[in-house]
Amino acid sequence: MMDSTASPIVQLLGPAWPVVWTLLKIVAIALPLIIGVAYLTLAERKIIGAMQVRIGPNRVGPFGLLQPFADVFKLIFKEIVVPSGANRYLFFVAPMLALGPALAAWAVIPFSGTMVLADIHAGLLYVLAMTSIGVYGIILAGWASNSKYAFLGCLRSAAQIVSYEIAMGFALVGVLMCASSLNLSDIVRGQEGGAAYWYVWPLFPLFVVYLISGIAETNRHPFDVAEGESEIVAGFHVEYSGVAFAVFFLAEYMNMILIAALVATMFLGGWLSPWPLLNHVGIPGLGIRPFGDGLPWLLGKMALVLLIFLWIRATFPRYRYDQIMRLGWKVFIPITLVWIVFVATMMQTRWAYLFH
Amino acid sequence: MTIHAALFYFFAAILVFAALRVITARNPVHSALWLVLAFFTAAAHWLMLGAEFLAIVLVLVYVGAVMVLFLFVIMMLDVNFENLRRGFRSYLPVGITVGILVLVEMALVLVSSYLKPGVAAAGAPVAADNTRALGRLLYTDYVYPFEIAAVILLVAIVAAITLTHRRRKETKHQNPGEQVRVHARDRLRVVAMPSEKRER
């Protein structure tokens with residue numbers, strides 16, 4: 001893309017240029033993501049505040065816009081306390097193990113037709129693998145803390161994530177059947193033609209299952225028994241303070257944004273605009289098409305999904321643990337199995353065009 | 001030495017070291033974590049061979065699911081290492097014999113496959129989209145072995161559940177279906193009571 005304009009730099013770096021260029025692209029994804037996390041926390045507090053007829057944070061900066069930075073600085077300057085009898089090394093590795101996969105999964109997300117870091121064939125599987133590794137951070141945090149509450153929290157979380165991953169995987173099977181590809185860019189292109197062609201319609205039950213499993217997978221309300229305050233204080237990160245706690249927080253919100261991006265990509269047409277005619281609105285000579293396919297649509301859809309997450313958090317009471325397990329194993333997995341068989345059967349009939 | 005070879009030796013060194021640590025680490029949780037690292041590096045090796053589907057599935061299944069359940073169980077066990085290590089010397093001859101036997105068998109298999117001329121073709125660069133190629137092969141040429149393997153796994157699941165599942169009488173549980181079907185008239189009885197005159 002920018003190779004021709006940056007040619008003096010390219011010549012200077014020589015063979016090291018591809019590495020530097022990739023690193024630059026990684027920074028270009030990770031940096032906005034971290035700022036997005038900061039403002040997602042603010043948006044969460046503001047939106048839930050509005051839903052509960054409160055004002056929310058409004059003291060730091062105009063409309064409280066600097067509140068996330070105040071929070072971050074507070075956490076940075078706090079002391080990190082290592083509990084006695086804790087496994088010191090794993091105690092510090094655990095937050096990094098939570099954050100690493102949350103960042104790594106972003107490598108295959110297509111931000112627009114050309115903007116994707118790694119356009120690999122098995123992108124969908126890669127995302128599934130990365131989201132399933134994230135649980136190690138939580139398990140090790142609970143175990144290494146040498147604390148009953150942390151340990152109970154991590155056991156709950158591990159069992160919950162492993163259970164809901166199955167339903168999530170089956171929901172993805174439906175998507176790959178419709179798109180007949182595992183590549184996320186191909187999945188988006190398979191939904192071309194407007195909102196009526198998005199996979200949310202033929203795969204509606206899978207969409208709902210994926211959305212709810214996504215909330216369970218990220219340990220968000222109403223599935224946040226892993227950190228149920230009234231039962232086990234704060235769950236797996238009860239012994240963490242300062243920056244180590246901030247890293248867990250970052251990983252959780254990053255996973256939330258990731259699930260939103262995946263829902264938008266697989267079911268809501270990703271970076272495609274809902275109405276193809278919008279591609280022709282604008283100044284054709286300059287190539288300015290403000291409402292055409294591209295990154296803004298993806299961001300808008302992600303924001304919508306995140307709003308639903310926050311809305312659910314503000315609305316529902318917390319599930320009991322056995323109810324969570326029942327929902328995952330006895331409701332979601334049968335629904336996905338039945339719908340996959342239904343889609344496969346319909347693809348052999350003359351209504352097959354509805355499912356592609 | 002090309003970059004490819006350098007990467008191979010780098011990953012191979014990590015893999016061998018991690019595998020050694022799996023059996024020498026004192027803490028079983030550490031052993032399990034070294035095994036996770038070993039799986040990860042093996043996946044990296046497969047990725048270098050161009051087998052991206054196998055590499056990702058190794059991470060997804062073994063690292064993402066199997067080892068999580070392993071850790072889950074190991075963390076809850078209270079293992080006494082002194083007891084475990086007590087019989088080390090007496091079992092050593094048996095252990096060494098078995099180890100040498102396994103080594104010889106593996107060497108025989110590997111040597112015979114090296115000597116066979118047709119196998120060299122298998123190392124040729126595979127198609128870029130090997131998920132599709134593998135799926136096509138599994139569901140056409142190898143569909144019967146594949147289905148038989150699937151049925152065996154299903155039987156294993158059913159057997160494991162029937163062996164371990166028992167309905168305990170003393171635990172209380174609810175029937176969500178009944179809870180959903182409940183009506184107000186089942187739970188609530190409205191009693192009409194005429195109001196009485198106040199006595200002066």
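The figures here come from the full heavy-atom set of this structure, side chains too, leaving out hydrogens, waters and symmetry mates. Residue numbering restarts at 1 for every chain, and letters A, B, ... go by the order of the sequence lines. Every value quoted in this text rests on a predicted model; they were computed, and no experiment measured them.
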- Query: Between A:Tyr164 and A:Phe332, how do the two ring planes meet: parallel, tilted or perpendicular, split at 30° and 60°?
  - Reply: perpendicular
- Message: Closer than 3.5 angstrom, by distance alone: can the side chain of A:Gln160 be matched with the main-chain N or O of A:Phe223 as a donor-acceptor pair?
- Response: yes
- A:Asn255 side chain to A:Thr131 main-chain N or O, any donor-acceptor pair under 3.5 Å? no
- Query: Does A:Tyr199 use its side chain to pair, donor to acceptor, with the backbone of A:Leu176 at less than 3.5 Å?
  - Reply: no
- A:Tyr126 versus chain B, the contacting section by heavy-atom distance below 4.5 Å: both
- Query: Can you list the steps and then say if A:Thr336 with A:Tyr210 is a side-chain contact (heavy atoms from CB on, under 4.5 Å)?
  - Reply: CA-CA 9 Å; A:Thr336 49; A:Tyr210 191 84; over 6 Å; no
- Query: If you check every heavy atom in residues 186-197 of chain B against those of chain A, which residues fall under 4.5 Å?
  - Reply: none
- Item | Engaged part of B:Leu71 at the chain A interface, taking heavy atoms whose separation is under 4.5 Å | side chain
- Item | Contact origin within A:Ile166 toward chain B - heavy atom pairs under 4.5 Å | neither
- Hey, does the side chain of A:Tyr321 reach the backbone of A:Arg156 with a donor-acceptor pair shorter than 3.5 angstrom? yes
- Message: Counting only non-hydrogen atoms closer than 4.5 Å, does B:Leu58 touch chain A with its backbone (N, CA, C, O), its side chain (CB onward), both, or neither?
- Response: neither
- Task: Pick one of side chain, backbone, both or neither for A:Ile139, based on which atoms fall under 4.5 Å of a heavy atom in chain B.
- Result: both
- Check each atom of B:Val61 against the heavy atoms of chain A and say whether the ones under 4.5 Å are side chain, backbone, both or neither. neither
- Any idea which of B:Val68, B:Val59, B:Leu69, B:Val57 has the most non-hydrogen atom pairs under 4.5 angstrom with chain A? B:Val68
- Should B:Met75 and A:Cys154 count as side-chain neighbours, where that means a heavy-atom distance under 4.5 Å? yes
- Task: Mind checking the OH-CD1 spacing from A:Tyr136 to A:Ile161? Nearest 0.5 Å is all I need.
- Result: 12.0 Å
- Item | Options A:Leu128, A:Asn87, A:Leu155, ranked by heavy-atom pairs under 4.5 Å with chain B, top entry | A:Leu155
- Taking the side chain as every heavy atom from C-beta outward, state whether B:Val36 and A:Ile133 have any pair of such atoms under 4.5 Å apart. no
- To the nearest 0.5 Å, what is the distance between OH (A:Tyr89) and NE2 (B:His30)? 9.5 Å
